[in-house]
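Okay, so here's the structure we're looking at.
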Amino acid sequence: MTMIGNREKVKFRDLVSRKQVFTPCVWDCYSAKAAEMAGFEAILLSGASLGFSMSGVPDLGLHNQEELVYATDRIADYSPLPLVIDADDGFGDVVQTFRTCYRLAKAGAGAILIEDTPNERGYARFGRAMEAATLAGKVDGNVPHEVVSQELWLAKIKASIEACQGSDCVVIARTESKLEKGLDDAIERCVRAAALGAEMTYVHGLRTLEECRKVAKELPGWKMFGDVATVDGVPFVRLEEIEALGFNLVTMHYLEKGSMYGMMDYGRHVFKDRSTRYADEHSMGGMTPAEQKASLERDSGWLDAEDRWKAL
């Protein structure tokens, strides 16, 4: 497809090789555009956000490979920002994981997360228990969070790496074993994944600088810190501190709440006034009319191209 009005895309590998990249989660082209306008340099297609926005379902692994590839293709085709993909467990066995990663890399993924959860996965199953003990970064014994064997997960990582050969796509080996088996098991899994060729690793559930230091001591190379947030106004970790430890990709959620609030705010005024005046005259934070129009990308060169094609 001819790219009209699109800018040159930076490679994810090149970006993280230069510096730490602070990355929000997105689910469609509009959320990707909002992240770009805010100044972010990469984006992550969140499985939780995609499932809810596409089908209105919770994060229980309910969307499938076809839906993820479709979303990846649309967002990667539109946005100039490198796109990281949350691919869950690869949507099946080792062979399915290969096919998932092959198709995602072909669709434009800059990096792919492959985790070690079984078929029953998703934050919705254990999130409440984890949030109740946020700083612990693990769930209690009443809420099991099983992971597959190291051997099965490592086989999937090998398949993922092979699937991405010849592309610019980076495999991120993600383990959730810390939540039940502890940090040592998670580190061991990532060390083995890195030895197989995974360019980046991700121990899910890190919550303190001390944990990050332990991971960095035993695990070389690029590392991801996922879903950084705050407790009582204090962030889990400070980005500059973990950057020195090799955590050059940090992700977070904010667009879901921001977009919902913005839509509700506009909607309440429009509904109350029985008019679109509030929306029509809103400055979007002081933007000029031209800037507002550009932010919504209503044209992006398509009309000029159409006129050119029709000219005889």
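Partners of Leu296 according to the side chain to side chain contact (heavy atoms under 4.5 Å, CB included) rule, which considers only residues two or more places apart in sequence or in another chain, are Tyr30, Arg298. For the salt bridge (charged side-chain N to carboxylate O under 4.0 Å, His left out) test, residues two or more places apart in sequence or in another chain that qualify with Asp184 are Lys214. Residues passing the ring-ring contact (aromatic ring centres under 6.0 Å, His included) test with His269, sequence neighbours excluded: Tyr278. Under the salt bridge (charged side-chain N to carboxylate O under 4.0 Å, His left out) criterion, Lys19 pairs with Glu41, sequence neighbours left out. Residues satisfying the side chain to side chain donor-acceptor pair (under 3.5 Å) test with Arg268, not counting sequence neighbours, are none. Listed by chain and residue number, nothing satisfies the ring-ring contact (aromatic ring centres under 6.0 Å, His included) test with Phe225 (two or more places apart in sequence, or in another chain). Partners of Ala279 by side chain to side chain contact (heavy atoms under 4.5 Å, CB included), not counting sequence neighbours, listed by chain and number: Tyr266, Val270. Remark: Ser31 engages Asp28 in a side chain to side chain donor-acceptor pair (under 3.5 Å) (not counting sequence neighbours). With sequence neighbours excluded, the residues forming a salt bridge (charged side-chain N to carboxylate O under 4.0 Å, His left out) with Glu281 are Arg277, listed by chain and number. Here Lys310 pairs with Glu306 under the salt bridge (charged side-chain N to carboxylate O under 4.0 Å, His left out) rule; sequence neighbours left out.
Here ring-ring contact (aromatic ring centres under 6.0 Å, His included) pairs that include residues 162-191, with residues two or more places apart or in two chains, number zero.
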Quick one: do Asp116 and Thr175 satisfy side-chain hydrogen bond (donor to acceptor under 3.5 Å, both in side chains)? Show the steps, please. CA-CA 5 Å; Asp116 54 4; Thr175 179; 2.5 Å; yes
Let's go through Ile43 and Ser79 carefully: what are the C-alpha distance in whole Å and the side-chain angles of both, what is the deciding distance for side chain to side chain contact (heavy atoms under 4.5 Å, CB included) to 0.1 Å, and is it a yes or a no? CA-CA 9 Å; Ile43 47 180; Ser79 176; 3.9 Å; yes
Could you walk me through whether Leu81 and Val10 pass the side chain to side chain contact (heavy atoms under 4.5 Å, CB included) test, one step at a time? CA-CA 6 Å; Leu81 304 183; Val10 176; over 6 Å; no
Could you walk me through whether Glu67 and Ser55 pass side chain to side chain contact (heavy atoms under 4.5 Å, CB included), step by step? CA-CA 10 Å; Glu67 291 170 321; Ser55 306; 4.0 Å; yes
Could you walk me through whether Met37 and Met287 satisfy the side chain to side chain contact (heavy atoms under 4.5 Å, CB included) test, starting with their C-alpha distance in whole Å, then the side-chain angles of each, then the deciding distance to 0.1 Å, before giving a yes or no? CA-CA 12 Å; Met37 291 182 63; Met287 288 185 178; 3.3 Å; yes
How far apart are the C-alpha atoms of Arg308 and Asp304, what are their side-chain angles, what is the distance that settles it, and do they pass the salt bridge (charged side-chain N to carboxylate O under 4.0 Å, His left out) test? CA-CA 6 Å; Arg308 186 176 71 252; Asp304 290 340; over 6 Å; no
Report the C-alpha separation of Glu176 and Thr117 in whole Å, then their side-chain angles, then the decisive distance to 0.1 Å, and conclude whether the side-chain hydrogen bond (donor to acceptor under 3.5 Å, both in side chains) test is met. CA-CA 7 Å; Glu176 299 203 4; Thr117 53; 5.6 Å; no
Evaluate the salt bridge (charged side-chain N to carboxylate O under 4.0 Å, His left out) criterion for residues Arg192 and Glu151: first the C-alpha distance (whole Å), next the side-chain angles of each, then the deciding distance (0.1 Å), finally the verdict. CA-CA 10 Å; Arg192 294 184 66 184; Glu151 289 69 27; 3.8 Å; yes
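Taking 4.5 Å as the limit, every side-chain heavy atom of Ile112 sits out of range of all side-chain heavy atoms of Val171. Here the side chains of Phe12 and Met200 are in contact, with some heavy-atom distance below 4.5 Å. Using a 4.5 Å heavy-atom threshold, the side chains of Thr97 and Asp89 count as separate. Inter-residue side-chain proximity for Val94 and Leu152 is flagged as met; some heavy-atom pair is nearer than 4.5 Å. Two residues are said to be in side-chain contact when any heavy atoms from C-beta on lie closer than 4.5 Å; Met252 and Cys25 fail this criterion. With a 4.5 Å cut-off on side-chain heavy atoms, Lys178 and Leu206 count as touching. Contact annotation: the side chain of Lys223 never approaches that of Cys212 to less than 4.5 Å [non-hydrogen atoms, C-beta and beyond]. Between Glu115 and His204 there is no side-chain heavy-atom pair separated by less than 4.5 Å.
Under a 3.5 Å cut-off, the side chain of Asp273 and the backbone N or O of Ser275 do not form any donor-acceptor pair. Ser177 contributes a side-chain N or O that, together with a main-chain N or O of Ala186, makes up a donor-acceptor pair within less than 3.5 Å. The closest donor-acceptor contact from the side chain of Glu243 to the backbone of Leu239 lies at 3.5 Å or more, if one exists at all. Between the side chain of Lys9 and the backbone N or O of Ala76 there is at least one donor-acceptor pair closer than 3.5 Å. At least one donor-acceptor pair closer than 3.5 Å links the side chain of Trp153 to the backbone N or O of Ile114. No side-chain donor-acceptor contact under 3.5 Å links Asn248 to the backbone of Trp222. Listed for the Thr72 side chain is no donor-acceptor partner under 3.5 Å among the backbone atoms of Ala109. Using a distance-only test at 3.5 Å, with no hydrogens or angles considered, a donor-acceptor pair links the side chain of Gln20 to the main chain of Phe247.
More than 12 heavy atoms of other residues, nucleotides or ligands shown are found within 6.0 angstrom of CZ on Phe40. The number of heavy-atom neighbours closer than 6.0 Å to CE of Met260, taken from other residues, nucleotides and ligands shown, is 12 or below.
With rounding to the nearest 0.5 Å, the separation of CG in Asp280 from CD in Gln292 is 10.0 Å. Met224 contributes atom CE, which lies 6.0 Å from atom CD1 of Ile172 (distance to the nearest 0.5 angstrom). Atom-to-atom distance recorded for Lys158:NZ and Leu196:CG is 6.5 Å, nearest 0.5 angstrom. To the nearest 0.5 Å, the span separating CG on Leu255 from CG on Leu44 amounts to 11.5 Å. Once rounded to the nearest 0.5 Å, the distance linking OG1 of Thr251 with CG of Asp86 reads 9.5 Å. Separation of atoms CG (Leu219) and CG (Leu245) is listed at 11.5 Å; rounding is to 0.5 Å.
Between Phe98 and Tyr102, the ring planes lie parallel to each other; the angle is under 30°, not in the 30° to 60° tilted range.
A side chain to side chain contact (heavy atoms under 4.5 Å, CB included) with His63 holds for exactly one of Phe91, Tyr70, Phe52; it is Phe91. The only member of Ile85, Leu45, Val84 that meets side chain to side chain contact (heavy atoms under 4.5 Å, CB included) when paired with Leu113 is Val84.
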Validation: residues 160-169 side-chain donor-acceptor distances under 3.5 Å, sequence neighbours left out:
| unit_1 | atom_1 | unit_2 | atom_2 | d |
| --- | --- | --- | --- | --- |
| Ser160 | OG | Lys156 | O | 2.7 |
| Ser167 | OG | Cys164 | O | 2.6 |
| Ser167 | OG | Cys169 | N | 3.1 |

